Amino acid sequence: MSEVELKQIVKIFPGSTKALDEINLKVKDRELMVILGPSGCGKSTLLRIVAGLEKATDGRVFIDGQDVTEQEPGTRNIAMVFQNYALYPHMTVFKNLAYGLKNRKINKSEINRRVKEVAETLQIEEYLDRKPSQLSGGQRQRVAMGRAIARNPKVFLFDEPLSNLDAKLRIQVRLEISRLQSKLGVTSLYVTHDQVEAMTLGHRLVLMNEGRIEQIGEPLQVYESPETLFVAGFIGSPPMNFIKGKIIVENNKSFFDSKSLKQKVELNNSLNKSNVNYLSFRPQNIYLTNDQDYDLELKIFGIENLGKEIVIICDDGENKIRVIAETFSSQINDLIRLKIDRENILLF
C-alpha cells in the first residue's frame, strides 16, 4: 500500500511569492493522479516537494503512511521521470538503466535481471548498447521511464514527460505510460499543462490555479460538472463559452439576461442560484439557425476547419463565442444566428 498524502502544504519563495497555498491532497494506492494547470500554477513545485527536491515552507508529506517531510530524496523510495529525460550522455542505455540500482548496492545478477525485464517491457532491448545521442526523443523517454521502473519504487513522479515529443509520439508514449501504470500498479503523480493528457491518463485529476486547488475529481466528472469559472474555462477544447449578464425573476420564473442576448434565457429550477455573473455552455451546445427564435446574432471572427468538424469563432463584444458545426458556408465578417441548448447550460 503506497498512498501519498499532502497536508497543509505551503511554499513561499524569496520575495514573498506564495507558490502553494495550503494544499491538501491524498493520492490513493495504485492511483494515477494527474496534476493539471497553467504555467506558474505551482504544479511542478508540488511534485518537487513530494520528491524531496524542494522544501515546503509549511506542511507535511506522507508516503505509505510515513512522514517523509524531513527525509532526503534518496530515502523516500520514489522515482521521477523528467521532461528533459535527464540521462547520462556518456553512458549506454544499459548503464543508464542500471545506474540507480548500482548505487543502491544491488548485486550484479539482480541488476542484469531487472534491466533485461524493463528493456523487454519497453521494447528497447536492441538499444542497450547505444548512448542517448543515438536515440530518438521517444526512445530516450522510454529509457528514462525504464530507469524509474527498474528501481521498483513505491511512487512514480512524472514532470511533464511528453512535452519534448512531437504530437504523434506523445500519443504513443501516453498510451505506454497508461498501460505500464496499470500493469505495474504503482501509485503515480503526473504533472502536465495538457488537458488531453489529463483527461486520458488520470484516474483522477486535480486542477490547480495560482497555487490553490480548484477542483479534484474523475476527468469526466470535472469536465461535465466544473465547480468554478476557472475550471469551466480551462477544461475542454475548444473552451467553454461565457456570456456576462444577470438573473432576473418575472412571474415567478427565472431568466438570464444579457445585452449580448436577443432574448432572455429561461432557466430551470436546478440552475437558479444567487450571485450569478455568467451563463456558460460548450461549443457543441450552441447551434446555427435560420429561425426567428434565436439567442445570438454575431459576426464571424474566425473559422478553423479541423476536417471532421469546423469551429466557428464569433465575437459578442466581450468574449469569443465558439460553435462546432459539421458543415459551414459563411465567411469571416458574416452575421450568423445562434440558438443555445437549454439542457446544457451552466451558471457561474
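Since the structure is predicted, the reported quantities are computational estimates derived from the model, not experimental observations. Note that these values count all heavy atoms, side chains included, but never hydrogens, waters or copies made by symmetry.
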Does the distance from a Lys or Arg side-chain N to an Asp or Glu carboxylate O, for [X] and [Y], drop under 4.0 Å?
| X | Y | answer |
| --- | --- | --- |
| R212 | E22 | no |
| E224 | R282 | no |
| E266 | R342 | no |
| E125 | K116 | no |
| K299 | D315 | no |

field: Residues E210, K18; criterion salt bridge (Lys or Arg N to Asp or Glu O under 4.0 Å); working and verdict
entry: CA-CA 9 Å; E210 296 182 344; K18 184 175 279 190; over 6 Å; no

query: Who pairs with R170 by salt bridge (Lys or Arg N to Asp or Glu O under 4.0 Å), at least two apart in sequence or on another chain?
result: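 Result, salt bridge (Lys or Arg N to Asp or Glu O under 4.0 Å) vs R170: none returned.
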
- prompt: Considering residues at least two apart in sequence or located in another chain, which fulfil the salt bridge (Lys or Arg N to Asp or Glu O under 4.0 Å) criterion with R174?
  reply: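 Testing R174 for salt bridge (Lys or Arg N to Asp or Glu O under 4.0 Å), a comparison that skips the adjacent residues, returns none.
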
field: Check: F62 and E3 side chains under 4.5 Å, non-hydrogen atoms
entry: no

- request: With salt bridge (Lys or Arg N to Asp or Glu O under 4.0 Å) as the test, would you mind laying out the steps for E54 and K11 before giving the verdict?
  value: CA-CA 9 Å; E54 196 85 56; K11 179 62 180 180; 3.7 Å; yes

Could you work out, with ring pair (Phe, Tyr, Trp, His ring centres under 6.0 Å) as the rule, every residue matching [X], not counting sequence neighbours?
| X | result |
| --- | --- |
| F281 | none |
| F13 | none |
| Y287 | none |

Closest non-hydrogen atom pair, [X] against [Y]:
| X | Y | answer |
| --- | --- | --- |
| L180 | L122 | CD1-CD2, 3.2 Å |
| P73 | I78 | O-CG1, 4.4 Å |
| A144 | Y85 | CB-O, 3.7 Å |
| T187 | R30 | OG1-N, 2.9 Å |
| V323 | I286 | CG1-O, 3.5 Å |
| V27 | M33 | CG1-CB, 3.8 Å |

query: How would you list, by chain and number, every residue that makes a side-chain contact (heavy atoms from CB on, under 4.5 Å) with Q71, sequence neighbours excluded?
result: Q66, V68, T75, R76

Could you tell me if [Y] and [X] have a donor-acceptor pair between their side chains, going purely by distance under 3.5 Å?
| X | Y | value |
| --- | --- | --- |
| D159 | S44 | yes |
| E160 | T192 | no |
| Q181 | Y190 | no |

- request: Determine, stepwise, if the pair E318 / K259 fulfils salt bridge (Lys or Arg N to Asp or Glu O under 4.0 Å).
  value: CA-CA 10 Å; E318 292 187 352; K259 65 179 182 181; 3.6 Å; yes

task: Would you please test Q83 and L162 for side-chain contact (heavy atoms from CB on, under 4.5 Å) and show each step?
output: CA-CA 7 Å; Q83 176 182 343; L162 309 185; over 6 Å; no

task: Measure the OG-CG distance between S254 and N268 for me, rounded to the nearest 0.5 Å.
output: 9.5 Å

From CG (L338) to CD1 (I340), nearest 0.5 Å: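 L338 CG to I340 CD1: 8.0 Å, rounded to 0.5 Å.
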
task: Let me see the working for R130 and T92 under side-chain contact (heavy atoms from CB on, under 4.5 Å), right down to the final yes or no.
output: CA-CA 5 Å; R130 297 187 190 181; T92 63; over 6 Å; no

Please identify each residue that fulfils side chain to side chain donor-acceptor pair (under 3.5 Å) with [X], with sequence neighbours left out.
| X | result |
| --- | --- |
| R142 | E176 |
| K339 | D293 |
| N344 | D341 |

Ignoring hydrogens and angles, tell me if any N or O in the side chain of [X] forms a donor-acceptor pair with the backbone of [Y] under 3.5 Å.
| X | Y | answer |
| --- | --- | --- |
| E214 | T228 | no |
| H203 | L32 | yes |
| R337 | T289 | no |
| E110 | N107 | no |

task: Check D334, L296, L298 against C314 for a side-chain contact (heavy atoms from CB on, under 4.5 Å) and give me the one that passes.
output: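 With C314 as partner, side-chain contact (heavy atoms from CB on, under 4.5 Å) holds for just one option, L298.
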
message: Around atom CG of D291, are there more than 12 heavy atoms from other residues, nucleotides or ligands closer than 6.0 Å?
response: yes

message: Using a 6.0 Å cut-off, check whether atom CD of E72 has over 12 heavy atoms from anything other than its own residue.
response: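 Check fails, neighbour count at 12 or below.
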
query: Which residue, D58, D21, N24, forms the side-chain hydrogen bond (donor to acceptor under 3.5 Å, both in side chains) with Q8?
result: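 The option that passes is N24.
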
task: Applying salt bridge (Lys or Arg N to Asp or Glu O under 4.0 Å), run through K264 and D257 and close with a yes or a no.
output: CA-CA 5 Å; K264 297 185 287 290; D257 194 20; 5.7 Å; no

field: Qualifying side chain to side chain donor-acceptor pair (under 3.5 Å) pairs with a residue from residues 233-251, counting only residues at least two apart or across chains
entry: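 Sorted result for residues 233-251: empty, none.
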
- prompt: Pairs in or reaching into residues 98-140: which pass ring-ring contact (aromatic ring centres under 6.0 Å, His included), with residues at least two apart or in two chains?
  reply: Y88-Y99

query: Can you list every ring-ring contact (aromatic ring centres under 6.0 Å, His included) pair that touches residues 224-259, not counting sequence neighbours?
result: F230-F234

